[in-house]
Amino acid sequence: MVTHQTKRKVAQRISQRAQRILLCVPLRPLRSKLLVKCCLACFLVLVAASGAVVLAVAQTRQKRRASRPSTQQQAPKGSAAKYSGFLHSSEKHKSLTCNACHKLPTSGAAKRDFPDVADFPNHDACVRCHRQQFFTRQAFMGTGPAICTVCHVRAAPREDGRFNFGKPNIAGLAMKTKDERQFTIEFPHDKHQNVIASSRPRRSSNQAAGFIRASFFQPEPADDKKPDYNNCSICHVTRKQAIGAPPAGWPGSFVPPAGTFKTQPHTHDACFDCHWKGQKPTSDDCAGCHKASASFVPTDWPTRKSAKFLHEGGGEGGHVLECTSCHINITRASTLRGLAPDVPIAMCASCHNDNKKVTWKKIVSLTDEFAQLKKTGNCTYCHTSEVGKKKPPASHDAAVQ
Amino acid sequence: MKTRFPTSTRVPFLQRPKRNIVAGAILGFSFLLFPLYFFLAAQTPPASRGVIRLKVRYKSGDSPKDLARKRFFLIKGTLEENKSLIERIKQTDPMSRECYYLGKGASPALIRWLDDNDCDSVYCREIEEKYLSGNEAVPEFQAAYNQGLRDFKTPELARRWLTVNLAADIRDGFYNQKQRTIADLISLAEAATKTKVMSVMTDRKGTAYLTDIEAGTYTISNLVGSKTEKTSILWTCEKDVKAGNLAIAMRPLILSNEKDPKAKCEFVERPLPICEHTK
């Protein structure tokens with residue numbers, strides 16, 4: 001009885017105090033302090049309670065999972081959209097070896113005449129860790145499991161159309177809208193130049209011993225006796241098809257004709273013919289050539305200051321010098337990083353100078369171009385107007401002197 | 001009589017804002033200068049870099065020839081400063097290609113195939129069909145091709161990928177041995193000069209350019225003798241590099257096996273060794 005009365009008294013006191021606090025204006029500073037304290041206490045209680053609930057739920061789930069025997073490691077459950085992009089650089093993926101997913105050679109759809117890694121890994125490679133992202137109810141909400149769109153054009157069970165694997169798209173498959181690479185390629189030109197260096201021309205019986213004709217070209221059946229001095233054409237041949245325009249369009253609206261650019265190796269064939277086995281890095285050592293990039297690497301478009309230069313041009317059936325005579329830095333390049341197909345103007349001047357005695361008779365000389373610049377304010381023989389209208393650099397003046 | 005105001009009352013009131021303005025201006029200016037420095041650093045070409053144009057030729061019989069497709073190395077320092085290294089280079093006498101392949105029991109046809117294009121390994125040129133059968137057939141290539149026919153889908157692939165089925169010694173054993181010798185000498189040079197050794201390969205006319213090099217004096221050498229028709233020639237030359245671009249550097253440094261009193265160049269010409277079939 002006493003306790004009941006005491007409780008009532010306490011309650012009355014509290015309500016009175018609350019009224020005082022809320023209504024009494026002169027006591028406002030005190031009142032707000034108390035309010036803050038109350039709020040803070042409530043917040044802490046709420047946080048603690050929700051934490052306890054979360055812990056309890058997690059424990060029950062773990063118990064349930066433990067009761068189901070599972071040998072496979074599952075990826076954490078996250079938003080479906082998160083799994084629409086694949087990252088080689090994620091911690092889990094990094095911890096795997098390449099051949100945990102990529103099989104050599106790829107079985108199935110890839111129609112190549114050589115053993116190759118030419119397609120995405122099989123479903124098993126993804127499903128063994130990402131079962132949740134494939135088969136839960138959440139995954140099938142909306143447009144279907146987002147994880148499918150890592151490889152497939154659409155996330156539908158009957159749609160097996162896949163994006164292009166690797167670059168460039170020789171199989172004519174769909175391309176992802178954001179075409180960026182997760183790897184850079186390591187290729188030491190210097191080492192390769194050493195091994196492919198061939199210093200004497202092949203001589204057929206009917207070929208004059210002293211006659212030398214360097215070749216930029218891929219050996220063709222009709223001209224198979226053409227000597228190939230430094231063998232750059234093992235990997236770089238004349239691009240017979242016109243190249244697609246860069247996203248920003250061609251500079252000066254000049255569309256380079258077919259034959260302007262050289263090709264670059266685009267299939268494993270170019271490497272596997274020597275590095276299939278035995279010669280390191282071998283075909284199963286992906287990291288020997290493909291170095292993971294911290295961020296996506298956008299693909300580059302070829303940039304040329306002399307957009308009108310044609311490897312196949314030159315009037316006498318092509319530019320006659322061998323590749324390394326103009327690309328003077330290529331034999332010392334140990335990496336592709338920062339590599340530019342730089343050709344100093346002095347190399348052009350070795351033929352295109354004004355001395356008619358030592359160069360071709362009908363050649364367009366740098367002096368002719370300087371004269372044209374004076375008349376029209378534009379150098380058009382090698383350059384598009386974007387470059388041609390600019391003041392020639394000092395190297396150009398020096399080259400004709 | 002001049003009235004003097006007490007400094008304690010006037011200075012903080014009048015000079016503080018001025019000081020603030022000056023400090024702000026300096027800070028703002030330095031913020032402007034900071035990116036400007038990087039911009040200028042990126043724009044201005046390095047003034048102290050130079051170029052060497054190499055021209056390597058040798059006299060074989062009566063006619064001078066250009067030394068094509070041989071690598072030359074740039075070592076910091078004069079011939080005198082690199083004296084001990086040069087002695088070591090001269091003492092190094094790697095086995096000739098012919099001796100190596102004879103030692104490995106290679107067929108005469110393979111040795112001839114390599115020699116036709118002065119190849120140090122089988123990678124240096126395409127292996128054409130005529131080397132797989134008939135008069136010019138190379139037995140090592142035939143065996144690798146036959147293995148390829150079992151491994152790969154098409155005969156064409158078996159031919160193109162032929163080198164993957166060659167034994168390592170035959171494939172590029174000589175090349176690798178030579179590269180190890182060169183790598184050892186480079187390590188010595190880099191340790192002695194504390195500068196990275198740069199290298200470049202001559203084109204078919206025996207010309208090569210060493211670009212973007214710091215002004216100073218350098219030793220240029222091929223480190224191991226370059227094989228010619230009858231001899232092997234080792235060069236060690238000195239070149240003073242001044243700042244300048246390619247146009248200025250067009251006068252070449254000529255390396256030759258003929259003595260030139262003007263050039264600071266030494267060469268050692270050795271006859272090619274006669275080898276015996278040891279295996």
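Every chain is numbered from 1, with letters handed out A, B, ... down the list of sequences.
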| said: With side chain to side chain contact (heavy atoms under 4.5 Å, CB included) as the criterion, how do Phe272(A) and Trp161(B) come out once you've worked through the C-alpha distance, each side chain's angles and the decisive distance to 0.1 Å? | reply: CA-CA 8 Å; Phe272(A) 286 175; Trp161(B) 287 28; 3.3 Å; yes

| Can you check side chain to side chain contact (heavy atoms under 4.5 Å, CB included) on Leu321(A) and Lys205(B), steps first, answer last? | CA-CA 10 Å; Leu321(A) 293 179; Lys205(B) 289 182 174 175; 3.9 Å; yes

| said: Apply side chain to side chain contact (heavy atoms under 4.5 Å, CB included) to residues Asp269(A) and Arg160(B) and explain how you reach the verdict. | reply: CA-CA 10 Å; Asp269(A) 185 25; Arg160(B) 281 197 290 120; 2.8 Å; yes

| task | Please assess Val164(B) against His275(A) for the test side chain to side chain contact (heavy atoms under 4.5 Å, CB included), listing each intermediate value before the final yes or no. | result | CA-CA 7 Å; Val164(B) 303; His275(A) 293 278; over 6 Å; no

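Considering only heavy atoms from C-beta on, Ile234(A) stays 4.5 Å or farther from Glu126(B) through its side chain. Between Leu157(B) and Pro115(A) the shortest side-chain heavy-atom distance falls below 4.5 Å. In this structure, Met347(A) and Tyr209(B) have side chains that are in contact, with non-hydrogen atoms separated by less than 4.5 Å.
Judged purely by distance below 3.5 Å, without hydrogens or angles, the side chains of Asn165(B) and Trp276(A) never pair a donor atom with an acceptor atom. With 3.5 Å as the limit, one finds a donor-acceptor pair spanning the side chains of Arg69(B) and Thr324(A).
More than 12 heavy-atom neighbours from other residues, nucleotides or ligands sit within 6.0 angstrom of CD on Glu156(B). Counting heavy atoms of neighbouring residues, nucleotides and ligands inside a 6.0 Å radius, atom NZ of Lys389(A) does not exceed 12 of them. Shown here is Lys55(B), whose NZ atom has more than 12 heavy atoms of other residues, nucleotides or ligands within 6.0 Å.
Residues satisfying the side chain to side chain donor-acceptor pair (under 3.5 Å) test with Asp151(B), not counting sequence neighbours, are Gln147(B). Listed by chain and residue number, Arg337(A) satisfy the side chain to side chain donor-acceptor pair (under 3.5 Å) test with Glu186(A) (two or more places apart in sequence, or in another chain).
For Asp172(B), the part lying under 4.5 angstrom from a heavy atom of chain A is the side chain only. For Asp397(A), no part sits under 4.5 Å from any heavy atom of chain B, backbone or side chain. With a 4.5 angstrom heavy-atom cutoff, Met198(B) touches chain A only via side-chain atoms. For a residue to count as touching a neighbouring chain, one of its non-hydrogen atoms must lie under 4.5 Å from one of that chain's; by this rule Phe152(B) touches chain A with the side chain only.
A distance of 12.0 Å separates SG in Cys124(B) from CG in Asn194(A), rounded to the nearest 0.5 Å. One distance of note links OG1 of Thr331(A) with CZ of Phe72(B); it measures 12.0 Å at 0.5 Å rounding.
Checking side-chain atoms of Ser325(A) against main-chain N and O of Asp203(B) turns up no donor-acceptor pair under 3.5 Å. Formation of a donor-acceptor pair under 3.5 Å by the Arg332(A) side chain with backbone atoms of Leu210(B) is not found in this model.
Residue Thr211(B) comes nearest to Asn329(A) through the heavy atom pair OG1-OD1, 2.7 Å, listed as atom of the first residue, atom of the second, then distance.
By a heavy-atom distance cut of under 4.5 Å, Lys277(A), Gly278(A), Gln279(A) are the residues of residues 277-288 of chain A near chain B, going up by number.
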Anything under 3.5 Å between a donor and an acceptor, one on a side chain of residues 178-186 of chain B, the other on a protein residue two or more places apart or in another chain? List them.
{"from": "Lys178(B)", "atom 1": "NZ", "to": "Asp120(B)", "atom 2": "OD2", "distance (Å)": "2.8"}
{"from": "Thr181(B)", "atom 1": "OG1", "to": "Gln177(B)", "atom 2": "O", "distance (Å)": "3.0"}

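Between Asp190(A) and Arg71(B), no side-chain nitrogen of the basic residue sits less than 4.0 Å from a carboxylate oxygen of the acidic one, so the salt-bridge criterion is not met.
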